There are 2 protein chains.
Amino acid sequence: MTATYIVKTAIISCLRTPLRSGKAFLLQARCLGHAKHLHTSAKRQKSAHVDLTSERYPKLQRGPFATLTDADVTSFERIVSGRVITEPSELDGYNTDWLRTVRGSSKLLLRPKTTEEVAAILSYCHDRGLAVVPQGGNTGLVGGSVPVFDEVIISTHLMNNIISLDEVSGTLVCQAGCVLATLDDHVGQCGLTMPLDLGAKGSCHIGGNLATNAGGVRLLRYGSLHGSVLGIEAVLPSGEVLDCMSTLRKDNTGYDLKQMFIGSEGTLGIITAASILCPQRPSAVSVALLGCKTFQGVLDIFKQTKRQLGEILTAFEFMDTASMELIGENLRLSNPIGASPFYVLIETGGSNQAHDEEKLSGLLEGLMEKGMAADGTLATEMTKIQAIWSLRERLAEALLHDGYCYKYDVSLPLSAFYQLVIDMRQRLEGAATRVVGYGHVGDGNLHLNVTSPEYSQRTMDLIEPFIYDWVAKQKGSISAEHGLGFKKRDFIYHSKSTSAVTLMKQIKNLVDPKGIMNPYKLLPSK
Amino acid sequence: MTATYIVKTAIISCLRTPLRSGKAFLLQARCLGHAKHLHTSAKRQKSAHVDLTSERYPKLQRGPFATLTDADVTSFERIVSGRVITEPSELDGYNTDWLRTVRGSSKLLLRPKTTEEVAAILSYCHDRGLAVVPQGGNTGLVGGSVPVFDEVIISTHLMNNIISLDEVSGTLVCQAGCVLATLDDHVGQCGLTMPLDLGAKGSCHIGGNLATNAGGVRLLRYGSLHGSVLGIEAVLPSGEVLDCMSTLRKDNTGYDLKQMFIGSEGTLGIITAASILCPQRPSAVSVALLGCKTFQGVLDIFKQTKRQLGEILTAFEFMDTASMELIGENLRLSNPIGASPFYVLIETGGSNQAHDEEKLSGLLEGLMEKGMAADGTLATEMTKIQAIWSLRERLAEALLHDGYCYKYDVSLPLSAFYQLVIDMRQRLEGAATRVVGYGHVGDGNLHLNVTSPEYSQRTMDLIEPFIYDWVAKQKGSISAEHGLGFKKRDFIYHSKSTSAVTLMKQIKNLVDPKGIMNPYKLLPSK
């Protein structure tokens, strides 16, 4: 069967498929599925012991902060009565990160409900010199949302009020502790969608999303949070409330201070509320999977796709043949098209199913005719769309079946994008089970993963700092979307200039002269 | 002839129209047209005398800056040899703003070509305590880009190199002095478009656009510069180069410092280069003009339009009946549809002409059938599109024919949007020739204009501070896209909280402790 034939059959079957009203919910169903897989994996590891961070990093010094006293606890009881947690077993989950790789020893968790309560807590901590760590859904991957030593944990769990939604402008206003999926459901009822989407959407908090400038699969279409967020309310380390809660799309009256808090990883204050511009939810979704002979071919397809699909393109993902083999071997998922060195997943989301399918079919036919794609299939039904997305989204789960996984999330110029995988594979010959590359090509974001039966220091030494040096030489980013948190902060100079880091430190010192806000995070230790 | 008939005829004629390859250039042609009108108006006023700002605002005190000496000029000759302007007649245009409402008395204009030259200039000025004002195309409307007293003018005119364009990722890298229209032409050759577009595109510099966070007619579709700008290089007041020149779409390694410079109006440093993400250029453009009985009806149409056009909507503008009368009386432009209290202009830009026309026709038919639009017409040919856009874009020119024009550019929640025009009209009865409202409804951005035969202090006193108080009560913005500059800085508290302005002042003091960068701008005098 020729490749062209497969595509054309798919096209014909699509065009025969009647429009389905349930299409609007596809994207959401897919993503919740992804979240479920990730959480299952985390559960698997739940029993593993996690070393205290202070023990695993013995050179790390605790900052000159005060130590919690009973009098402090009594004072906090006055501020958030009944929402002061000191029971060690209850604290364990808040002290440990989601990946179970770092663990703090906080003796206190506070669960404020209002901005005023957060302000009162921070004011008290500031006066006393107590260090704090803000925590949302605790789904971060760089150890940014858990204590390193005994910092007081301030959870946004109970700050989960949706304040307003303007259906005409699409502006959502909510507290920081709202769960992303809950917000997406809420705005979905008005035909809107949240401008970001990620695997952890079922548990991550919007405040944490903003604090870490979360990216995810919708970034290609809707851009970053720096563009989507209209307003932020934050409490500064002193306890002062910084009110930048505009709901306006245009406001050029002074420095745009809210931007400073997007991606500041809780080191400048605690975001307590936000207003976010929600785009129209696509009512039609289609997905295509293509095979491709070279990585240059992937880039050629990307260029052509942007040209022909333009405004309806929502995702452009890639995976290499090692990724496809991995998912076949470890999860028994089957590749619906012929084996190829590279695969491309294209998703469209628009307002008219027939138009979108016509555009996508036109693209695919052109690619096949010109020999740019070696093989391909097109899906418009929910089950087929989900099956194709599973190949890409369950890779993280499949990797864990190999044993230990060394995970990297980098941004690279597209010209150098896949070369890192090739170089790493060559470097790790005999020292790794496999080296796989996949990710958001559309955003220049590569997920490079290495596996081995168990953790190997030799393998780790071959990877780091080699990978960071490699990325730095290409002027890439050593953390595309996960942030620096605790784990990557000392690699900041690989992606940022000395002048930039100096200014960051000055800003931190300006806003938080006592350094109580999420210490040991984002800024380098030296 | 019934309204429905007009629309249906238009639809039929569109569908018969063959696809034209020249469509991609429509948007550009339209905007250049706008720029031409504005510049003609400026020329008209060229002969008028402009008071020195220091004389018009006698209470204003010059800051404690050094005064330029011959030795300084000699030193600058060493840094930018042959590009040191001291001739008063040459300096006049750089001392006076484009609207000819404010005028400084600078004795020196410097024209650097490189970042290193800018750094050397600022380092020298910093050491000497000389105040400076950065100037791009000098097209600002709030007196932000000209000296107030004798600040040294640093022009970006000769910093006009396009450094690179990555056709695959769509990333443009260029110096700050590139003219917006030049950049749009350049990226247009690769099927891309600049993510912003404004009347002054023929002369404004991209560095100035970033420094003022310019908005314009594409904001509805492509979002603000906070989302589109990937990297910035700036020289700090000390002369240090701040390198944040990433070309990556995702980079979460520390605070996003570039954001601080977007909209800082040259008060924190001079932007010398930038990298910008350019979206795909629409190959198909259509425009519809609709009549509507109430302003609530305008909002209902907006909601429906977002729902049905979704991803292809590029502009949603409104004008009131006073605007349509104005353009008819002063410029003899005729209204192609029946008279209505309100008019809506909808533009679509997509990758498939037939699909877009079908979507737009479907929307219009639905609106007419439901009685949401009283009348309407649809245009897909360049001349017709331009004719419709002229009704909206030549309003600024038409206003000047009345005599004196009091111009306001505010953001308001859509629920309060038009009430300001009604209240102002009532307040100014007998004190104004007319009060007209039009603007970017899609962005919540109202242009409120009042005219009288000549400047009247009584009329001005009726307008200000009434308008700013009104906007503040609605939590609107007193400057949607023009910035604060020199003229509006003392109204900052009408749109920003005390805590926010305090933090802005702290940041200014941190980055520019001597206060030499564009003094008397953005931050309030008190």
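Computed from a predicted structure; not experimentally measured. All heavy atoms count here, side chains included; hydrogens, waters and symmetry mates do not. Residue numbering restarts at 1 for every chain, and letters A, B, ... go by the order of the sequence lines.
Contact of B/Leu242 with chain A is made through backbone and side chain together, with heavy-atom distances under 4.5 Å. Both the backbone and the side chain of B/Leu484 come within less than 4.5 Å of a heavy atom of chain A. Neither the backbone nor the side chain of A/Ser228 comes within less than 4.5 Å of any heavy atom of chain B. Using a 4.5 Å cut-off between heavy atoms, B/Ser264 touches chain A through backbone and side chain atoms alike. Only the backbone of B/Thr212 comes within less than 4.5 Å of a heavy atom in chain A; its side chain stays farther off. For a residue to count as touching a neighbouring chain, one of its non-hydrogen atoms must lie under 4.5 Å from one of that chain's; by this rule A/Phe302 touches chain B with the side chain only.
Each of B/Ser169, B/Gly223, B/Ser415, B/Ser479 has some count of heavy-atom pairs under 4.5 Å with chain A, and the biggest count is that of B/Ser479. By number of non-hydrogen pairs under 4.5 angstrom with chain A, the leading residue of B/Arg307, B/Lys475, B/Arg221 is B/Arg307. Contact tally against chain A (heavy-atom pairs below 4.5 Å) for B/Gln259, B/Lys488, B/Gln506: the top residue is B/Gln259. Between chain A and the options B/Asp443, B/Val441, B/Leu220, heavy-atom pairs under 4.5 Å are most frequent for B/Asp443. Comparing A/Leu299, A/Leu503, A/Ile492, A/Thr502 by heavy-atom pairs within less than 4.5 Å of chain B, the highest count is held by A/Leu503. Of the residues considered (A/Val142, A/Leu225, A/Leu268, A/Asp166), A/Leu268 shows the highest number of contacts with chain B, using heavy-atom pairs under 4.5 Å. The candidate from B/Gly191, B/Gly170, B/Gly350 with the greatest count of non-hydrogen atom pairs under 4.5 Å with chain A is B/Gly350. In terms of heavy-atom pairs under 4.5 Å with chain B, the best-connected choice from A/Glu481, A/Lys258, A/His494 is A/Glu481. Per-residue heavy-atom pair counts under 4.5 Å with chain B were compared for A/Gly254, A/Ser497, A/Gly444, and the maximum is reached by A/Gly254. Of all the listed residues (B/Gly349, B/Gly263, B/Gly310, B/Ser495), the one sharing the greatest number of non-hydrogen pairs under 4.5 Å with chain A is B/Ser495. By number of non-hydrogen pairs under 4.5 angstrom with chain B, the leading residue of A/Leu313, A/Leu219, A/Thr171, A/Val511 is A/Leu219. If you tally non-hydrogen atom pairs under 4.5 Å between each of A/Leu412, A/Asp251, A/Val241 and chain B, the highest count goes to A/Asp251.
Side chains of B/Arg249 and A/Asn445 form no contact here, defined as non-hydrogen atoms less than 4.5 Å apart. You'll find the side chain of B/Lys250 reaches within 4.5 Å of the side chain of A/His440, heavy atoms only.
Note: A/Gln308 CD to B/Gln280 CD = 10.5 Å, rounded to the nearest 0.5 Å. In this structure, the separation between CE on B/Met260 and CD1 on A/Ile507 is 4.0 Å, given to the nearest 0.5 Å. Distance check, rounded to the nearest 0.5 Å: CD of A/Glu358 to NE2 of B/His355 gives 3.5 Å. Here A/Leu510 contributes atom CG and B/Leu510 contributes atom CG; the two are 5.5 Å apart, rounded to the nearest 0.5 Å. With rounding to the nearest 0.5 Å, the separation of SG in A/Cys244 from NZ in B/Lys496 is 7.0 Å. From B/Thr253, atom OG1 reaches atom CZ of A/Arg489 across 15.0 Å, with rounding to the nearest 0.5 Å.
In this structure a side-chain-to-backbone donor-acceptor pair under 3.5 Å is present from A/Glu311 to B/Ser351. Remark: the backbone N or O of B/Asn213 is paired with a side-chain donor or acceptor of A/Asn252 at under 3.5 angstrom. The backbone N or O of A/Val168 lies less than 3.5 Å from a partner atom in the side chain of B/Lys306, making a donor-acceptor pair.
Minimum heavy-atom separation, A/Asp243 to B/Ala500: O-CB, 4.3 Å.
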